[in-house]
Engineer: 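Once you've had a glance at the structure underneath, I'll fire off some questions.
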Amino acid sequence: MGHDSICPNLFSASYKILVYIDSAGCTSCKLRLADWKKIIAETNSIAPKKVEFLFFFNPKNERELTSMLKMDKFELPVFYDKKNEINQLNSFPDDMMFQAFLLDKDNKVIIVGNPSMNPQIWDLYKQEIMGIKIPANIVQTTVSVEESSIMISDMQLNKTSEAVFVLHNTGDQALVINDVKASCGCTVPLWDKHPISPNERTEIVVNIKPDNSGHFHKSIDVYCNARTSPLKLSIKGEVNK
């Protein structure tokens, strides 16, 4: 794709965040609307009128997508690219992690990466938009996870199950969990926002409400001040109707 112009000159803002969402796989997993709404709100707070958001969809089911956007009260304009022309012009990577871009006022690509999936990418976006360096967290610790992969054999379609991951702070500094990202909107992680002292433990509770039957495999990334961050967790199982 390179660092050439990625889209028509639709807006004249100093920066644009362009998001492409294809028709493959689970639509709700790829939307990540709650995460994007947080990013949009923070952007409007730190850089008002400086950034435009461009959401391009190649929808598998246009009616389903419209319903999801209305249900989540997503108010920004979106583009339904039914012929998938923007992807054909730019040959986007298949990995959704690399289907979001920060563009300058001339639509040149500055940063590639999906900030809704990785808070470190979002830090890079903010660093560029605000023209400042965001201090890195240099105080690190070590963490052990009792079970990094949890199997749930009795999940029910559209019913909530729970998985609990136990983390131990094995280092000599406080453990701070900055963010927990799930690969799908049907998995919602909850965690303690307070620092975890050395030799203490904490739990990440994940509520799961599958919307498809059959084999289930979702990943969770834990962003923290551990040397091995992000910690990789997963939930597997079978979903019965």
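Heavy-atom basis, side chains included; hydrogens, waters and symmetry copies ignored.
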Engineer: Applying a strict under-4.5 Å side-chain criterion to I, L, V, M, F, W and Y, I'd like to know whether Trp36 and Ile111 cluster together.
Structural biologist: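 Yes, because Trp36 and Ile111 connect within a single hydrophobic cluster, where side-chain heavy atoms sit under 4.5 Å apart.
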
Engineer: Salt bridge check: are Lys181 and Asp35 linked by an N-O gap of less than 4.0 Å?
Structural biologist: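 Yes.
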
Engineer: For Met68 versus Leu33, what's the shortest heavy-atom pair and its separation?
Structural biologist: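 Nearest pair, atom of Met68 first, then Leu33: O-CD1, 4.1 Å.
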
Engineer: Rounded at 0.5 Å granularity, tell me how far NZ in Lys37 sits from CD1 in Ile40.
Structural biologist: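 Spacing of NZ (Lys37) from CD1 (Ile40) equals 9.0 Å.
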
Engineer: Would you give the length of the straight line joining atom CZ of Phe57 to atom NZ of Lys82, rounded to the nearest 0.5 angstrom?
Structural biologist: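 Taking CZ in Phe57 and NZ in Lys82, the distance rounds to 14.0 Å.
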
Engineer: Using modelled atom types only, decide if a donor and an acceptor are shared between the side chain of Asp95 and the backbone of Met97 within a distance under 3.5 Å.
Structural biologist: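 Looks like yes, one N/O pair under 3.5 Å.
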
Engineer: Can you list the steps and then say if Val109 with Leu102 is a side chain to side chain contact (heavy atoms under 4.5 Å, CB included)?
Structural biologist: CA-CA 6 Å; Val109 178; Leu102 179 64; over 6 Å; no

Engineer: Are Glu75 and Lys73 within salt-bridge range, i.e. N to O under 4.0 Å?
Structural biologist: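 No, this pair does not count.
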
Engineer: For the side chain of Asn44 and the backbone of Pro48, is there at least one donor-acceptor N/O pair under 3.5 Å apart?
Structural biologist: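 Absent.
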
Engineer: Is any side-chain heavy atom of Leu233 closer than 4.5 Å to one of Val145?
Structural biologist: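 Val145 vs Leu233: side chains touch.
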
Engineer: Identify the heavy atoms of Pro189 and Ile204 that sit nearest to each other, and give their distance.
Structural biologist: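 Where Pro189 meets Ile204 most closely, the heavy atoms are CB-CG2, 4.3 Å.
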
Engineer: Hydrophobic clustering (ILVMFWY, side-chain heavy atoms < 4.5 Å, transitive) - are Trp122 and Trp191 grouped together?
Structural biologist: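 Not linked; separate clusters.
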
Engineer: Is there a path of hydrophobic side-chain contacts, each under 4.5 Å between heavy atoms of I, L, V, M, F, W or Y residues, that connects Leu167 with Val176?
Structural biologist: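 In one cluster with Leu167: Val176, no.
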
Engineer: Would you confirm whether Gln173, through its side chain, and Ser197, through its main-chain N or O, come within 3.5 Å as a donor-acceptor pair?
Structural biologist: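 Side chain of Gln173 to backbone of Ser197: no pair is present.
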
Engineer: If you round to the nearest 0.5 Å, how far is CD of Glu64 from CG of Leu69?
Structural biologist: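 If we round to the nearest 0.5 Å, Leu69:CG and Glu64:CD are 10.5 Å apart.
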
Engineer: Does Gln99 use its side chain to pair, donor to acceptor, with the backbone of Pro93 at less than 3.5 Å?
Structural biologist: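 Checked: pair present.
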
Engineer: Checking Arg32 side chain against Ala182 main chain: does a donor-acceptor pair fall under 3.5 Å?
Structural biologist: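 Side chain of Arg32 to backbone of Ala182, a donor-acceptor pair under 3.5 Å: yes, one is there.
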
Engineer: How far does CD1 of Ile86 sit from CG of Asp22, to the nearest 0.5 angstrom?
Structural biologist: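 Between atom CD1 of Ile86 and atom CG of Asp22 there are 12.5 Å.
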
Engineer: Between the main-chain N or O of Ala174 and the side-chain N or O of Asn225, is there a donor-acceptor pair closer than 3.5 Å?
Structural biologist: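 Yes.
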
Engineer: Is the shortest heavy-atom distance from the side chain of Pro195 to the side chain of Leu175 under 4.5 Å?
Structural biologist: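 The answer is no, as the side chains (C-beta and beyond) never meet within the 4.5 Å cut-off.
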
Engineer: Is a side-chain N or O of Thr170 found less than 3.5 angstrom from the main chain of Thr142, in a donor-acceptor match?
Structural biologist: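 Yes, the answer is positive, given that a donor and an acceptor are paired below the 3.5 Å cut-off.
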
Engineer: Taking all heavy atoms of Thr141 and all of Gly171, pick out the closest pair and write down the distance.
Structural biologist: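 In this case the closest contact between Thr141 and Gly171 is OG1-CA, 3.1 Å.
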
Engineer: Verify the ring-centre separation between Phe92 and Phe101: is it less than 6.0 angstrom?
Structural biologist: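 Aromatic pair counts; centres sit under 6.0 Å.
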
Engineer: One pair to check against side chain to side chain contact (heavy atoms under 4.5 Å, CB included): Arg201 and Glu146. What are the steps and the verdict?
Structural biologist: CA-CA 10 Å; Arg201 51 170 271 173; Glu146 286 190 3; 4.3 Å; yes

Engineer: Do Val222 and Pro230 come close enough that some side-chain heavy atom pair is under 4.5 Å?
Structural biologist: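 With C-beta onward as the side chain, the pair stays apart.
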
Engineer: Compare all side-chain heavy atoms of Cys224 with those of Ser229 and state whether any distance is below 4.5 angstrom.
Structural biologist: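 When only atoms from C-beta onward are counted, Ser229 and Cys224 do touch, with a gap below 4.5 Å.
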
Engineer: Say whether, by atom type as modelled, one donor and one acceptor occur between the side chain of Asn169 and the main chain of Ile196 under 3.5 angstrom.
Structural biologist: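 Checking the backbone N and O of Ile196 against the side chain of Asn169, a donor-acceptor pair under 3.5 Å is found.
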
Engineer: Taking atom NZ of Lys193 as the centre, report whether more than 12 heavy atoms of other residues, nucleotides or ligands fall under 6.0 Å from it.
Structural biologist: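 Check passes, neighbour count above 12.
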
Engineer: Atom CG of Leu157 and atom CG of Asn240: how far apart are they, to the nearest 0.5 Å?
Structural biologist: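 Result: 9.5 Å between the selected atoms.
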
Engineer: More than 12 foreign heavy atoms under 6.0 Å from NZ of Lys159: is that the case here?
Structural biologist: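 Incorrect, the count does not exceed 12.
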
Engineer: Run the ring-centre check on Tyr20 versus Phe56 and record whether the distance is less than 6.0 Å.
Structural biologist: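 Ring centroids of Tyr20 and Phe56 are no less than 6.0 Å from each other.
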
Engineer: Using a 4.5 Å cut-off on heavy atoms from C-beta on, say whether the side chain of Ile177 contacts that of Thr202.
Structural biologist: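 Answer yes - side chains close enough.
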
Engineer: Do you see a donor-acceptor pair shorter than 3.5 Å between the side chains of Thr66 and Tyr80?
Structural biologist: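 Yes, because at least one side-chain N or O of Thr66 sits under 3.5 Å from a partner of the opposite role on Tyr80.
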
Engineer: Are Leu103 and Leu89 connected, step by step, through hydrophobic side chains (Ile, Leu, Val, Met, Phe, Trp, Tyr) whose heavy atoms are closer than 4.5 Å?
Structural biologist: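 No; Leu89 is not reachable from Leu103 via cluster members.
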
Engineer: State, to 0.1 Å, how close Lys209 and Asn158 come at their nearest heavy-atom pair, and which atoms those are.
Structural biologist: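 Reported closest heavy-atom pair: CE-O, 3.2 Å.
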
Engineer: Mind listing the closest non-hydrogen atom pair of Tyr125 and Gly113 along with its distance?
Structural biologist: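 Taking Tyr125 first and Gly113 second, the nearest heavy atoms are OH-O, 2.7 Å.
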
Engineer: Would you mind reporting whether Pro77 and Phe53 have side-chain heavy atoms less than 4.5 Å apart?
Structural biologist: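 Contact flag for Phe53/Pro77 side chains = no.
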
Engineer: Which atom pair, heavy atoms only, marks the closest approach of Ser148 to Phe165?
Structural biologist: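 Shortest heavy-atom contact: O-CE2, 3.6 Å.
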
Engineer: Keeping the roles fixed (side chain from Asp104, backbone from Tyr15), state whether a donor-acceptor pair exists under 3.5 Å.
Structural biologist: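 Checking the backbone N and O of Tyr15 against the side chain of Asp104, no donor-acceptor pair under 3.5 Å is found.
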
Engineer: Does NZ or CZ of Lys70 come closer than 6.0 Å to the centre of the six-membered ring of Phe74, within 45° of the ring's axis?
Structural biologist: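 Verdict for Phe74: no cation-pi partner in Lys70.
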
Engineer: List the steps and the verdict of side chain to side chain contact (heavy atoms under 4.5 Å, CB included) for Val180 and Tyr223.
Structural biologist: CA-CA 6 Å; Val180 181; Tyr223 294 89; over 6 Å; no

Engineer: Got Val206 and Ile235 here, is their nearest side-chain heavy-atom distance under 4.5 Å?
Structural biologist: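 Contact flag for Val206/Ile235 side chains = yes.
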
Engineer: Roughly how far, to the nearest 0.5 Å, is the CG atom of Asn114 from the CD1 atom of Ile121?
Structural biologist: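 That separation rounds to 9.0 Å.
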
Engineer: Between His217 and His215, what is the ring plane arrangement, given parallel below 30°, perpendicular above 60°, and tilted in between?
Structural biologist: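 Perpendicular, since the angle between the ring planes exceeds 60°.
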
Engineer: Between Ser219 and Ser234, is the side chain to side chain donor-acceptor pair (under 3.5 Å) condition met? List the steps.
Structural biologist: CA-CA 4 Å; Ser219 61; Ser234 66; over 6 Å; no

Engineer: Decide yes or no for Val205 and Glu162: does some side-chain heavy atom of the first lie under 4.5 Å from some side-chain heavy atom of the second?
Structural biologist: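 Yes, their side chains come closer than 4.5 Å.
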
Engineer: Keeping Lys50 on the side-chain end and Ala13 on the backbone end, is there a donor-acceptor pair under 3.5 Å?
Structural biologist: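 Pair absent, no side-chain N/O of Lys50 close to backbone of Ala13.
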
Engineer: Given side chain to side chain contact (heavy atoms under 4.5 Å, CB included), test Ile46 with Lys126 step by step and report yes or no.
Structural biologist: CA-CA 9 Å; Ile46 63 175; Lys126 288 189 290 185; 3.9 Å; yes

